[in-house]
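Report on the structure given below.
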Protein chains: 2
Amino acid sequence: MEANDKRAQILEAAIRRFAHFGVQKTTLTEIADDLGMTKQALAYYYPDKNSLSEAVEALILTEFFTNVEAHLAQAPSAAEAIMDLVEVKKTFFEKYAMLMRAAGPELMQQHSKAADAREGARQRLTHLMAQRLEQGVGSGELKPLNAPEVASLVFDTMTAFEQCVVGRQMIPDARTFSELCSRQKAVLQLMMNGLREEAWKN
Amino acid sequence: MEANDKRAQILEAAIRRFAHFGVQKTTLTEIADDLGMTKQALAYYYPDKNSLSEAVEALILTEFFTNVEAHLAQAPSAAEAIMDLVEVKKTFFEKYAMLMRAAGPELMQQHSKAADAREGARQRLTHLMAQRLEQGVGSGELKPLNAPEVASLVFDTMTAFEQCVVGRQMIPDARTFSELCSRQKAVLQLMMNGLREEAWKN
DNA sequence: CTTTTGACTTCTGAAGTAAAAAAGTCAAAT
DNA sequence: ATTTGACTTTTTTACTTCAGAAGTCAAAAG
């Protein structure tokens, strides 16, 4: 199975380029050159740029959810688990900044697959959060609550804050970005406080 | 003082145009025509477009804060007062949609006065909210809290949600906008719940 | 003296255009 | 099964043009 090897190589090279310069500013020829092949050879494995960027997206989404699940499982409480997600997202954004940017307004407008992928990710993430919240209710940490609803509110809040930075075309500097994350956490902290059983509050 | 009369008339006409079509898409000639005068006559009162739009902005900000203060005073509790602000903002946005849009990314980039005005409004609004929160603490509704910090978090949350809609260039339809407001309220509700004294919770 | 106007210059944004670069295709070669 | 050379089509970019809007000012009007 040399073919799968090549495909993996190509994805790797594509991610490197995409993460630095964004999908738009990366040409297939560049990726091919990085691997010592021509764009036609590359086209044999990924017939067009879309299929390549979709494959990259899928790979990265997998990595993201692996991290999310790990953090949700490790965190000692549901409240901390939720707040951890801000960190996970931050790490991800820093690693794949240009890709995330591209996944935002840029790709949203070609409403086809990108929007679906986004919606899928949203559903999956809120579902995981909701599960963790239920768990928190079960353990007596949290009051009874409508977990899907709360999860969805948490998601929207995080997304909203992110849009503030990502929505604009300028590239956020590290400081701005860090501050934003801590604001997000502070807000989520307040939200989670309202959901805690008294016994748990500090 | 006929001059002040004229100025008021001009402002009125300008607001009508600006609110519908935005500052950019409105020409001084149009405003002047609405009033049966020429743009040169108009220029006598407002030497350039900037001074006119700044005057309009100032007028509208005053209206906004008048509403805000009224709502903050009327609301039976601090929590409700905070949530009312979402409604005030919504009403305002609907009334002056194109102006608010213009005040967003468009004007932000000419970082001079617009950014200052925005920052001023932020400070004033968070200050009012903080006051109201302190009042809530005083009346035993809320736990002791860092009022300026919480106010600032509330402000950021509201702003973040707004950016989601305003930040994009497309014009939000009424449904989207209403939904967004109720999401905002739900989040604020959770935040405020975390700050309430037990006796007040339902 | 205050206000308005006609005639003017300068500036900005939208539309168009041509060249370059990238994407995508395919029959032939390896 | 994979790669390539030669090709066509599509997208970007840089540049040009032009109309309409902004802004100026001396002179006119009340």
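So you know, we letter chains A, B, ... as the sequences are listed, proteins then strands, and number each from 1. Since the model is a prediction, treat every value here as computed from it, not as a measurement.
- In this model, the phosphate group of dT4(C) is not approached by any side-chain N or O of T38(B) to a distance below 4.0 Å at OP1 or OP2.
- Between the CD1 atom of I31(B) and the P atom of dA21(D) there is a distance of 12 Å, given to the nearest Å.
- Distance check, rounded to the nearest 0.5 Å: CG of L145(B) to CZ of R196(B) gives 13.0 Å.
- Distance E30(B) CD to dG20(D) C1': 11 Å, rounded to the nearest Å.
- Between L142(A) and A78(A), the shortest heavy-atom contact is CD1-CB, 4.0 Å.
- Taking atom CG of residue D33(B) and atom C1' of nucleotide dG20(D), one finds them 14 Å apart after rounding to whole Å.
- Side-chain contact check for R122(A) and S152(A): at least one donor-acceptor pair (N or O, by modelled atom type) lies under 3.5 Å.
- Nearest-nucleotide assignment on DNA chain D puts the 5′-proximal partner with Y44(A), out of Y44(A) and K25(A).
- The main-chain N or O of A75(A) is found under 3.5 Å from a side-chain atom of R132(A) such that the two form a donor-acceptor pair.
- The distance between atom OH of Y46(A) and atom P of dA23(C), rounded to the nearest whole Å, is 16 Å.
- One finds a salt bridge joining D34(A) and R17(A) here, because a Lys/Arg side-chain nitrogen approaches an Asp/Glu carboxylate oxygen to under 4.0 Å.
- Summarising the geometry, the separation between OH on Y45(B) and C1' on dT5(C) is reported as 13 Å, rounded to the nearest angstrom.
- Look at CD1 on I10(A): it is 12 Å from C1' on dT2(D), rounded to the nearest Å.
- Nucleotide dT10(D) holds its P atom 18 Å from the CD atom of Q24(A), rounded to whole Å.
- Here the P atom of nucleotide dG24(C) and the CG atom of L52(A) are 10 Å apart, to the nearest Å.
- Within the 4.5 Å cutoff, side-chain heavy atoms of L128(A) are placed close to those of Q131(A).
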**Asked** Taking protein heavy atoms under 4.0 Å as touching, what does nucleotides 23-30 of chain D look like 5' to 3' if B marks base contact, S marks sugar-phosphate-only contact and - marks none?
**Response** BB------

